[in-house]
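Read through the structure below, which is laid out as structure tokens, and then see the notes.
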Amino acid sequence: MNSAVIKIQLDTDVCVAGDPVRFTCLLHNTEVFTAQSLVVHFVMADTTAIGSHNFSNSNEGASQSTTMSNTTTIQSIPLWRSKSPAGTLLHAKPRLFHGLFVVPIDAQPSAILKNFSSSSIKYSLIAELTQAAGTASAQLLRKSTPVVVVRPLPATNPPLVLDPLPKDFAHFDVDVGLVLDQTVYATGTPLALDVRVTNSDTRDIKCLRISLDERHNGVFLTEHAITTKIASADVNAIIRAGETSRVHVALVPKTVKNDIVPSAMTGSCQVEHFVTIQAVPNTVFGATPTFRVPITLVGPQLT
């Protein structure tokens, strides 16, 4: 079947979780052959490649890496099947087949992480054309087409109110409340924050450091976790002991400098986002009280 060509064309560039997606499959053979079926599979591949480095004590400087991969067939769409067990003779000509698949409502978004533990969530449509079973020269013609899956913003997206924020420290008596203008954000959009700080300690707070952080693979591969700041803002205002202060901050993602990956959670690829608030004490020694609030980013990956 080297003389046959398969092409798949989707009716959209981006597939949204929960939506049906129509596609067209072109089968064009220039020679006559006997075929059994044409099936298209909607597939997700969840992959992590950990490390790829040279060891100085090796004579050959060999590169070592470990790859973990899990491929799942979400849906199989039969486009054509022969009525005869012996197959059907297909004469040389182009043929068009139309199909539809549904992206699961809870599908994780397409994502590619480029760091020491390179991970990815990738989707594809795989068309398979097979000859009849038992044919001596049975072959399989396969064509794979990438599919980009995104999670949409929810229909209702109210403000997120967390006041006070939970804390896991006792060395500094400070309480922080946070109000976000949305519950879920699209990748690359600014975040509007309303931050309330109550300083019940005997020491002053000299400034607030607020950031939007992205952490890769910090759940199951903690030793390879990488955290980057994709937006930050410093509030240089002293909050005296016993005082309460309220500040309004806008976090604007630095899309030019950093990739922004949508929030995702699979066995091989985890992308978490946090709003981090640090109340920096006006002292030389001592740890900085830190509050972290997990948030969700949806939409396409920005590079």
Side-chain angles (χ1 to χ4, degrees), residues 10 12-19 21 41-53 63-76 101-126 144-154 183-189 191 211-231 251 253-276 292-303:
L10 280 73
T12 179
D13 294 330
V14 176
C15 302
V16 179
D19 285 359
V21 180
H41 307 281
F42 180 39
V43 176
M44 183 189 82
D46 180 24
T47 305
T48 291
I50 303 175
S52 182
H53 51 275
S63 176
Q64 295 190 3
S65 63
T66 300
T67 299
M68 298 181 293
S69 180
N70 180 37
T71 301
T72 303
T73 299
I74 301 173
Q75 187 177 356
S76 294
F101 66 93
V102 178
V103 183
I105 190 67
D106 59 348
Q108 295 297 312
S110 300
I112 299 177
L113 311 184
K114 302 173 183 178
N115 47 45
F116 179 76
S117 56
S118 178
S119 304
S120 65
I121 303 172
K122 294 182 178 180
Y123 294 85
S124 59
L125 282 181
I126 301 177
S144 179
T145 301
V147 175
V148 178
V149 172
V150 301
R151 296 168 62 189
L153 284 170
T183 302
V184 180
Y185 289 87
T187 51
T189 59
L191 283 68
S211 62
L212 173 59
D213 299 335
E214 183 174 278
R215 183 169 65 183
H216 295 175
N217 291 349
V219 180
F220 304 113
L221 300 169
T222 54
E223 65 273 22
H224 301 300
I226 293 178
T227 301
T228 58
K229 294 184 184 298
I230 56 180
L251 293 178
K254 299 174 288 186
T255 56
V256 175
K257 185 176 179 180
N258 298 93
D259 291 349
I260 301 179
V261 185
S263 304
M265 185 63 62
T266 65
S268 299
C269 183
Q270 305 107 42
V271 184
E272 301 169 279
H273 294 94
F274 301 90
V275 171
T276 302
R292 288 185 177 88
V293 178
I295 66 169
T296 300
L297 299 187
V298 299
Q301 179 171 346
L302 302 179
T303 58

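Predicted, not measured: the structure shown is a model, and the values here were computed from it. The first residue in the sequence is number 1, and the count goes up from there. Any value given below was found using the heavy atoms of this structure, including those in side chains, with hydrogens, waters and symmetry copies removed.
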query = If only atom types and distance count, is the side chain of His216 paired as donor or acceptor with the main-chain N or O of Ser118 below 3.5 Å?
reply = no

Reported CD1-to-CD distance for the pair Ile121 and Gln108, which is rounded to 0.5 angstrom = 5.5 Å

message = A side-chain contact here means heavy atoms from C-beta on lying under 4.5 Å apart; do Tyr123 and Val103 qualify?
response = no

query = Looking just at side-chain N and O atoms, do Thr73 and His41 make a donor-acceptor pair shorter than 3.5 Å?
reply = no

Partners passing salt bridge (charged side-chain N to carboxylate O under 4.0 Å, His left out) against Asp19 (at least two apart in sequence or in another chain) = none

request  = Rounded to the nearest 0.5 Å, what's the gap from OG1 on Thr189 to CG on Leu297? Could you check?
outcome  = 7.0 Å

key: Atom pair CG/OG1 of Asp213 and Thr276 - distance to nearest 0.5 Å   = 3.5 Å

ask   = Does a side-chain heavy-atom distance below 4.5 Å link Pro300 with Val14?
value = no

query = Under a 4.5 Å cut-off applied to non-hydrogen side-chain atoms, are Val298 and Leu153 in contact?
reply = yes

key: Nearest non-hydrogen partners of Val102 and Gly18, listed with the distance   = CG1-O, 4.5 Å

query = What's the shortest heavy-atom distance between Leu212 and Leu251, and which atoms?
reply = N-CD1, 3.8 Å

note = Sorted by chain and number, sequence neighbours left out, side-chain hydrogen bond (donor to acceptor under 3.5 Å, both in side chains) with Thr72 holds for none

request  = Determine the sole option in Val147, Leu125, Val148, Val150 for which the side-chain contact (heavy atoms from CB on, under 4.5 Å) test with Cys15 is passed.
outcome  = Val147

ask   = Mind checking what makes salt bridge (charged side-chain N to carboxylate O under 4.0 Å, His left out) contact with Arg215, not counting sequence neighbours?
value = Glu272

message = My understanding is that only one of Asn70, Thr266, Thr71 makes a side-chain hydrogen bond (donor to acceptor under 3.5 Å, both in side chains) with Asp46; could you say which?
response = Thr266

query = Just how far is it from atom OG of Ser119 to atom CD1 of Ile112, taken to the nearest 0.5 Å?
reply = 11.0 Å

key: Smallest separation among heavy atoms of Ser268 and Met68, with atom names   = OG-O, 4.1 Å

Value rounded to 0.5 Å, distance of CG in Leu302 from OG1 in Thr187 = 4.0 Å

message = Which label fits Phe101 and Phe42: parallel for a plane angle under 30°, tilted from 30 to 60°, or perpendicular past 60°?
response = tilted

query = Looking at Gln301 and Ser110, what are the two nearest heavy atoms and their distance?
reply = OE1-O, 4.4 Å

task = Mind listing the closest non-hydrogen atom pair of Gly267 and Gln270 along with its distance?
result = O-NE2, 3.3 Å

inquiry  = Any non-hydrogen side-chain atom of Glu214 less than 4.5 Å from a side-chain atom of Thr227?
reply    = no

ask   = Strictly by modelled atom types, are Thr48 and Asn217 linked by a side-chain donor-acceptor pair under 3.5 Å?
value = no

inquiry  = Return the CZ to CD1 distance between Phe274 and Ile295, rounded to the nearest 0.5 Å.
reply    = 10.0 Å

